[in-house]
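In what follows, a structure is listed as structure tokens, so that the remarks can point back to it.
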There are 4 protein chains.
Amino acid sequence: MAVQSKTKEKIINAAVSLFNVKGFNGTSVREIATKAKVNVANISYYFDGKEGLLENLVISFFEGYIQELEQAFQFSNHESSKDCLLRIIHSILKYQHENRNVSRLVYREISLDTTLIREVMTTYLTKEKYYLKMVLERGMKEKEFKKLQTSFIIMQLKSMLSMPYLHPQYLTEVLHLLPHEQYFVSQYEKELERWVYMTICTSYESVNAIRMHLS
Amino acid sequence: MAVQSKTKEKIINAAVSLFNVKGFNGTSVREIATKAKVNVANISYYFDGKEGLLENLVISFFEGYIQELEQAFQFSNHESSKDCLLRIIHSILKYQHENRNVSRLVYREISLDTTLIREVMTTYLTKEKYYLKMVLERGMKEKEFKKLQTSFIIMQLKSMLSMPYLHPQYLTEVLHLLPHEQYFVSQYEKELERWVYMTICTSYESVNAIRMHLS
Amino acid sequence: MAVQSKTKEKIINAAVSLFNVKGFNGTSVREIATKAKVNVANISYYFDGKEGLLENLVISFFEGYIQELEQAFQFSNHESSKDCLLRIIHSILKYQHENRNVSRLVYREISLDTTLIREVMTTYLTKEKYYLKMVLERGMKEKEFKKLQTSFIIMQLKSMLSMPYLHPQYLTEVLHLLPHEQYFVSQYEKELERWVYMTICTSYESVNAIRMHLS
Amino acid sequence: MAVQSKTKEKIINAAVSLFNVKGFNGTSVREIATKAKVNVANISYYFDGKEGLLENLVISFFEGYIQELEQAFQFSNHESSKDCLLRIIHSILKYQHENRNVSRLVYREISLDTTLIREVMTTYLTKEKYYLKMVLERGMKEKEFKKLQTSFIIMQLKSMLSMPYLHPQYLTEVLHLLPHEQYFVSQYEKELERWVYMTICTSYESVNAIRMHLS
DNA sequence: AATGAATGAGCCTTCATTCAT
DNA sequence: TATGAATGAAGGCTCATTCAT
């Protein structure tokens, strides 16, 4: 991320924006080079091929993602699990928003069945699952959270976190929302908070929470 | 769907399964033809090219989808909005499960920025939104549902409905769930019901619902 | 030419018009069939393939051409060679005009190097040359015509006869002539007559001819 | 024409010779590449496709053609129109002979109905017509030439100039002439001169000319 | 006599990559 | 570091033809 050749950076930017619109396989290296105003051969030179370029993007995205997650996860013993979970959600939303273009392409390419993806799964996403599970189980143990199947909770959480990046056009053109605006992100975070209070937190607390939330 | 040439059907099946694994752009017509044990030229002959094949898949998927949705939407005046919403969710989950392979590729390809997709948006998904909004607003008017922004509710609902088809590998390999099993679908439907009770229905009812649900 | 199936005729008409615009190799049998509103397979059925269709056109064109030529060539001993030559020219122009679409494509396809063309050369065009040579040599022998190299005369004559069919667009769009109009044909025939008088007929006669012509 | 990559040149040479024998549409890029001992992709690389290759050939042919024509057209006020016209004819014959292979294919392809051809018409051939008309009209004004319709004169001239390239096989195999030999070109030029004297120049002069010519 | 399905061969173009410079 | 030429492989598509009906 630090100091890297202007060329390398230009390629990355061009690639990300093209992959988002036309997908990885639908984009040619020549298009990328043209958009980046760079010679085609540089893509092979710097990234060892088109595949390598994608790998670079995906890996460095997840590297930062996990780092962010780990930071958010560090909680003191006195902190409630709920607060920790909310902080994690906040961090992820923030990270995704800051890297919104890469987020989008990563979430799509991850739906394919390639070697790269399988590797990502077994490293980064397993790690992510580990942290989420930790928080959830701690919360359950301390009766803060309802006794629920963590898998299903994680599934729902993940689906909501990735939604704005998987279907930005749907949000824009059908629901008339503006997923790229900071305002949207804040709103959406509140929705997720509500979801945490309502569906995860133990019922009594949740009822109170609703009152607080609505007041 | 009715009676169609063996060849046409074979092409569709091969295409769906390949598109799922390698994506539309990552799949060649020759691969499809080989897998379908059919001559390549038939793809152009029957679908007017590879693009047309995708279009055919997407459109016939949504045609059935909307039909299912419309059926589920027909509610008597005495029925509660909640029951209607639950029936809609059930129908969608059922339809998606029955067409799970097409569902998967449709949800992925829909994340690209093509003419086809934009057309689908403005016809099928706008229609879908219309129905969902109707139910939600009726429920709100009759105090059955909380006063919430329909856009955000729809967004969450859609994200959860599409999740199992967008990231099946994640479910399988990270969460160790089996999204293709009927059992999973039933379980997941309960989760969505819970989500309806908890986050949409008015709080009093929801509290009762939880009791019922947990009992 | 007599009674033949409607289908066969429709194919021929469509083919001729398409070959003229896009050339033989630039036209597909499917285009022909579509234009003729006939099933593609009929082309193979009736003409034994696309090649056979061309062959049919070329051969039947030249069959009629030679027949016309032979008729025009029959001259009584008392007739002047000049009159015979002029009648031949008239016949050819008439035949070409009546079959103007086929003429055009035949003259173009004849510029290629195929087996069909080579066969046509050695039969029809050699025959044509024979007749022209006969007339010319008779005329020379009788001092009606100047002593000239028949090859070059034939060459010039042929070039002028075929011109309107080889470059109709040039005539239309650059010279603003109307090669398809009967009026043009008459005018052009007069030009050729003038050419006969001026460049072939013995000089004294030619001078008189000019006077007559101009008066 | 100047310095250009070996590959580019090899492609052009191969293309010209193949187009001549089998026509543009009858020749495949692979054939060209094979004959040129070059990779197929280079055709698209250098000429932007097969169509572009033809365009390149046609345009650079006419570019040189017009240049030659313009040079020949520059006449001093003291020079007779006849001499100017003869010089133009000489230049064209020379240019065509020097580029005999391209000439042939250009004259044939020009008989098709494509966008390229229509463009060529309206630029180069209109220009050519302009120059020819200038000379002819000047000659007529000064009573050097007979009062004739320029269109028809141009038509005859053009037909004779292009003949050897449109039907070389006819000349070779039927008339037993050798259009590619320098000797033929000289002979043919004399024929055209004769044509100029006989059919264009005013009669008195023409009679003298014939005497000179025959002596 | 005429058709629609199906084929195998071939079309032109574009691909990602390499390599000498 | 960066380039333009050149490549072999593969891309999607269209071709003329065949065949059972």
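All of these numbers come straight from a predicted model, not from anything done at the bench. Computed over heavy atoms, backbone and side chain alike; hydrogens, waters and symmetry mates excluded. Numbers restart at 1 for each chain; the letters A, B, ... are given by sequence-line order, proteins then strands.
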What's the CD-P distance between C:Glu31 and F:dT14, to the nearest Å? 11 Å

Closer than 4.0 Å, any side-chain N/O of C:Thr7 to the OP1 or OP2 of E:dA2? yes

Please report the distance, rounded to the nearest Å, between NZ in A:Lys22 and C1' in E:dC15. 13 Å

Using a heavy-atom cut-off of 4.0 Å across all strands, would you classify D:Phe47 as base, sugar-phosphate, or nothing? nothing

Starting at atom CZ of A:Phe19, determine the distance to atom C1' of E:dA16, rounded to an integer number of angstrom. 12 Å

Using modelled atom types only, decide if a donor and an acceptor are shared between the side chain of C:Glu9 and the backbone of C:Lys6 within a distance under 3.5 Å. no

Presence of A:Asn42 side-chain N/O under 4.0 Å of F:dT1 phosphate oxygens OP1/OP2: no

Residue pairs, two or more places apart or on separate chains, that pass ring pair (Phe, Tyr, Trp, His ring centres under 6.0 Å) and touch residues 100-123 of chain D: none

May I have the distance from B:Asn25 (atom CG) to E:dT14 (atom P), rounded to whole angstrom? 16 Å

Considering all heavy atoms, the nearest A:Leu116-A:Val58 contact: CD2-CG2, 4.3 Å

Donor-acceptor pairs are to be reported for all side-chain atoms of residues 38-47 of chain A against protein atoms at under 3.5 Å, with residues two or more places apart or in another chain.
| from | atom 1 | to | atom 2 | distance (Å) |
| --- | --- | --- | --- | --- |
| A:Asn39 | OD1 | A:Ala41 | N | 2.8 |
| A:Asn42 | ND2 | A:Asn39 | O | 3.3 |
| A:Tyr46 | OH | A:Ser5 | OG | 3.4 |

Heteroatom pairs (N/O) under 3.5 angstrom, protein to nucleotides 17-21 of chain F:
| from | atom 1 | to | atom 2 | distance (Å) |
| --- | --- | --- | --- | --- |
| F:dT17 | OP2 | C:Lys50 | N | 2.8 |

Please work out the stems of DNA chain E from pairs that are Watson-Crick or G-U wobble with both distances under 3.5 Å, keeping only runs of three or more consecutive pairs. E:2-21 with F:2-21

Applied to residues 114-125 of chain B, the side-chain hydrogen bond (donor to acceptor under 3.5 Å, both in side chains) test, sequence neighbours excluded, yields B:Glu63-B:Tyr124, B:Asp113-B:Arg118

Taking 4.0 Å as the cut-off, does a side-chain nitrogen or oxygen of A:Ser28 come that near to OP1 or OP2 on E:dT14? no

When rounded to whole Å, the NZ to C1' distance for the pair A:Lys8 and F:dA2 reads 15 Å

For the backbone of A:Met121 and the side chain of B:Glu173, can you confirm whether one donor and one acceptor N or O come within less than 3.5 Å of each other? no

Within this structure, what is the CG-to-P distance between C:Leu54 and F:dA16, rounded to whole angstrom? 13 Å

Check whether more than 12 heavy atoms from other residues, nucleotides or ligands sit under 6.0 Å from atom CD of B:Glu98, and answer yes or no. yes

Taking ring pair (Phe, Tyr, Trp, His ring centres under 6.0 Å) as the test, write out the residues that go with A:Phe19, two or more places apart. A:Phe24

Rounded distance in Å - CD1 (B:Ile32) to P (F:dG11): 11 Å

Are more than 12 heavy atoms, taken from residues, nucleotides or ligands other than C:Asp48, located less than 6.0 Å from that residue's CG atom? no

May I have the distance from C:Leu18 (atom CG) to F:dC15 (atom C1'), rounded to whole angstrom? 16 Å

